[in-house]
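Notes follow the structure.
Sequence lines set the chain letters: A, B, ... in the order given, protein chains first and strands last, and positions in each chain run from 1.
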Amino acid sequence: MDEKFLKPYDPTATEGRIYAAWEKSGLFNPDECVKQGATPADAPTYSIVLPPPNVTGRLHMGHALMLAVEDSFVRYKRMRGFRTLWLPGTDHAAIATQSVVEKQVKKEEGKSRHDLGREELLKRIEAFAAQSHDTIVNQLKTMGASLDWSREAFTLDEKRSRAVRTVFKRMYDAGLIYRGMRIVNWDPKGQTTISDDEIVYEERAAKLYTFRYSKDFPIPVATTRPETKVGDVGVAVHPDDARYKEFVGKEYDAVFCDVPIHIKVVADKEVDPAFGTGAVGLTPAHSKIDWEIADRHELSHESVVINEYAKMTVSGRLNGKKTAEARGIVVDWLKSEGLFEKEEDTVQSVATAERTGGVIEPLPKLQWWVEVDKEVPGRGKTLKELMLEPVRSGAIKIIPEHIEKTYYHWIENLRDWCISRQIWYGHRIPVWYRGEEIAVGEAPTGDGWAQDEDTLDTWFSSGLWTFSTLGWPEDTEDFHTYHPTDLLETGPDIIFFWVARMILMTEFTLGTIPFKTVYIHGLVRDAQGRKMSKSLGNNMDPLDVKARFGADAARMALIVGNTPGTDMRISEDKIKGYSRFANKLWNIARFVLEHSDTPMIRDMQELERYGISQLVKEVTDDIENYRAYLAAEKVYHYIWHTFADKILEESKKDETIQSDLYSILLVCLKLLHPFMPFVTEEIWQSMPAKDARFLMVSRWPQPE
RNA sequence: GCACCCUUAGCUCAGUUGGUAGAGCAACCCCUUUACACGGGGAAGGUCGGGGGUUCGAGUCCCUCAGGGUGCACCA
């Protein structure tokens, strides 16, 4: 018996060494598994692409959970003899990364991005991303992730960029990408447009003011944003509202807070007669709904009164004032003019930018959009329908199932997707202009072409991830072998951002699904059930956990009792419990090896009396049905309370049992390996008789 | 407003197609027994949120109420 067993199990002394040995073996690469005879060349494939962590990030518990779950499935499938590919990569995370670097530059040099210029800022960002990349990659490895690093991808590298340009052009040619002047969600803090999904609504107390535009204006109007009223072009009332019927169609002139305005009264069914005064002041340039109502009544969109810095752009006393300040000025003016009727307290949900926290200012802007309600040529269906169909038909299965309903609900409410961003880091829009001419896809030759200044929403490139990582649009063997992928495992917060976009992009581009199963894990919360966040200071650092208890213990704690789609709580006690379990297994191995001078490998029938075949059957069945949380617990329970507490104890009295212990241990190591890869592999390395050099590629016990 | 989820032992949660409840942790008692005190043995603990229904039988299916949470939409 190896002397190492005389001391308690020490994960910190073991895990790094084991991971290095795995990496050196090359067995994370399915081609290498075939070459070394660990996997049959004609074996079926199993593939997962890693949801790419942001290059700016540090490993957090969410990552650790993702890795624990995915690695469990991957290791299980590999042991079952599949040609198993788990493909790693990182995400450039455009807005997030640029804003980190911008802040840094501002702090250290006092310069803005415009002081640096596009080229210089990009240089800084790329340097930062490269260094940050190495950090996160090394952290992924510490959790034991059996990712094939030889295939690593980056959302912004040349191969992925080519995929982006290719898909953009195809969508443009299909008439699904268009450039249009529309109201966008403008983030004055981040100085960019964002999509509807990047908005977070915050409940805030606000005032609802009731006023008239002028003394002779017949209808009182209620608003929470009086400062925007200098941009009003109309007032909308409900067609059936008897109070205002006589004024519909009439037009009025007024000078509102120094600004001349022209108001037409229109009737529109969108207006709720019970809210406020039942009359809406229409500000088409600064409200999505008003824009739409204005469209229906042929009112102008042109009256822009707020700029990108959320400052007023009208002449008179409001000029150059911030919107919040302007609000007070307008209210004072209304009061002094006798136009003010009343103010009431109300609660407003204010749209803020998820990344920067800036209050969204709706502005009309020329942007690029993906049209979701238009028929896709040759498919006879809209993009929306293409997103719904594979989930409805069961071609894509979402776990837990009820999330499918949420998915449908979201798609039904989906509007055109704004894909252009006014930041510099990211995939530049592959469109070039020269006078009236336009070129799309690849850079045109000839003089005088200027590329669009904007970049693409980062989710545009993420949407291609399952196939861009496999080399598409090149005709690669990997693409043919591993696509569609088998499993997409991710968190509930990016189902719409990412999962839905992947389905959209893959259905459009390839006419197929990106993955067969979507497994949604819950969010990791602290012991009190609170979200882990920087501001609360309750973040648990996986690297710290690993240093104290080992990656195996952290992984096990994240898997056991963690049902898909349900948030989980993690506590130090739970992790500590599994670090003790690792030590328990260590001592079981010690005992077994001490009592197995000439180990005999028994087949499953010979071990029938120990209930092990039943365990294998249940564990296999649980993993196959995405119940890893049960499988891991059953293995734990068997090892500790059946194998150690009963069988080992019996064997001290009954010598006939002793010669079976070795075989039981072998099976237990295999069943536990997907969940606790390090300690099981470390013990395996000291097993004198076994079916593979590495437990990682040994055969999974046969369930029958 | 629309939709979805949750409510089971002190705490955190399982309970896969309906067959009279399980785990981990904590708490309690005992044991330093030669694999392990990062251990072992034992006992305790639940009218499965309330009410109603379907069924021979419901934590599990249906209805309803209450509390908690999430997503989406709206917010003049």
Side chains of Q348(A) and T224(A), donor plus acceptor under 3.5 Å:
yes

Have a look at L208(A) and say if it touches a base, only the backbone sugar-phosphate, or nothing, with a 4.0 Å heavy-atom cut-off.
sugar-phosphate

Short side-chain N/O contact to rG24(B) OP1/OP2 from H641(A), under 4.0 Å:
yes

Would you find more than 12 non-hydrogen atoms of other residues, nucleotides or ligands less than 6.0 Å from K576(A) atom NZ?
no

Of Y578(A) and E649(A), whose closest RNA chain B nucleotide lies nearer the 5' terminus?
Y578(A)

For F678(A) together with Y9(A), are the ring centres under 6.0 Å from each other?
no

Classify the nucleic acid contact of F496(A) as base, sugar-phosphate or nothing, counting any heavy atom under 4.0 Å across all strands shown.
sugar-phosphate

Is K405(A) close enough to rC72(B) that one of its side-chain N or O atoms is under 4.0 Å from OP1 or OP2 there?
no

Pairing string of RNA chain B (Watson-Crick or G-U wobble, both atom distances under 3.5 Å; | = paired to other strand) is (((((((..((((........))))..((((.......))))......(((((.......))))))))))))....

Using a cut-off of strictly less than 4.0 Å, decide whether T406(A) has a side-chain nitrogen or oxygen near OP1 or OP2 of rA3(B).
no

In whole Å, what separates the C1' atom of rC13(B) from that of rU8(B)?
9 Å

For Y636(A) and F675(A), run ring pair (Phe, Tyr, Trp, His ring centres under 6.0 Å): C-alpha distance rounded to whole Å, both residues' side-chain angles, the deciding distance at 0.1 Å, then the answer.
CA-CA 10 Å; Y636(A) 167 91; F675(A) 311 112; over 10 Å; no

Tell me what A644(A) touches on the nucleic acid: a base, only sugar-phosphate, or nothing, going by heavy atoms under 4.0 Å.
base

Taking for each residue the nucleotide of RNA chain B with the nearest heavy atom, is it F581(A) or N587(A) whose nucleotide lies nearer the 5' end?
N587(A)

Expressed in whole Å, how much space separates the P atoms belonging to rC48(B) and rC11(B)?
16 Å

Please measure how far the P atom in rA3(B) lies from the corresponding atom in rC28(B), and state the result in whole Å.
49 Å

Using a cut-off of 4.0 Å on non-hydrogen atoms, how would the nucleic acid contact of S287(A) be classed: base, sugar-phosphate, or nothing?
nothing

For R415(A), which contact category applies under a 4.0 Å heavy-atom criterion: base, sugar-phosphate, or nothing?
sugar-phosphate

When you measure from every atom of RNA chain B, which of residues 621-630 of chain A have a heavy atom less than 4.0 Å away?
R627(A), Y629(A), L630(A)

Test Y578(A) against D552(A) for side-chain hydrogen bond (donor to acceptor under 3.5 Å, both in side chains), laying out the working first.
CA-CA 8 Å; Y578(A) 291 110; D552(A) 280 337; over 6 Å; no

Any side-chain donor-acceptor pair under 3.5 Å between W417(A) and D457(A)?
yes

Compare side-chain N and O positions of R569(A) against OP1 and OP2 of rC13(B) and report whether any pair is under 4.0 Å apart.
yes

Given the C1' atoms of rC5(B) and rG45(B), what is the spacing between them in whole Å?
29 Å

Give a yes/no answer on whether the side chain of K584(A) brings an N or O atom under 4.0 Å of OP1 or OP2 in rG40(B).
yes

Distance criterion of 3.5 Å, no angle test: do you see the side chain of S349(A) paired donor-to-acceptor with the base of rC75(B)?
yes

Can you confirm if the aromatic rings of F340(A) and W333(A) lie within a centre distance of less than 6.0 Å?
no

With P as the reference atom in both, quote the distance from rG19(B) to rC61(B) in angstrom, rounded to an integer.
11 Å

Using the P atom as the reference point in each nucleotide, state the distance between rC62(B) and rU54(B) in Å, no decimals.
15 Å

Give a yes or no on whether the ring-centroid distance for F73(A) and Y519(A) is below 6.0 angstrom.
yes

Say you pick atom C1' in rU70(B) and the same atom in rA35(B); how far apart are they, in whole Å?
48 Å

Y252(A) ring center near F217(A) ring center (under 6.0 Å)
yes

Spell out, as yes or no, whether a donor-acceptor pair under 3.5 Å connects the side chain of H595(A) to the backbone of Q658(A).
no

OP1 or OP2 of rG40(B) less than 4.0 angstrom from a side-chain nitrogen or oxygen of W640(A), does that happen here?
yes

C1'-based separation of rC4(B) from rA23(B) [nearest Å]:
28 Å

Honestly, is R182(A) close enough over W291(A), meaning NZ or CZ under 6.0 Å from the six-membered ring centre and within 45° of the axis?
no

With a 4.0 Å cut-off on heavy atoms, is H402(A) in touch with a base, just the backbone sugar-phosphate, or nothing at all?
sugar-phosphate

Considering only heavy atoms and no angle criterion, is a donor-acceptor pair shorter than 3.5 Å present between the side chain of K574(A) and the base of rC25(B)?
no

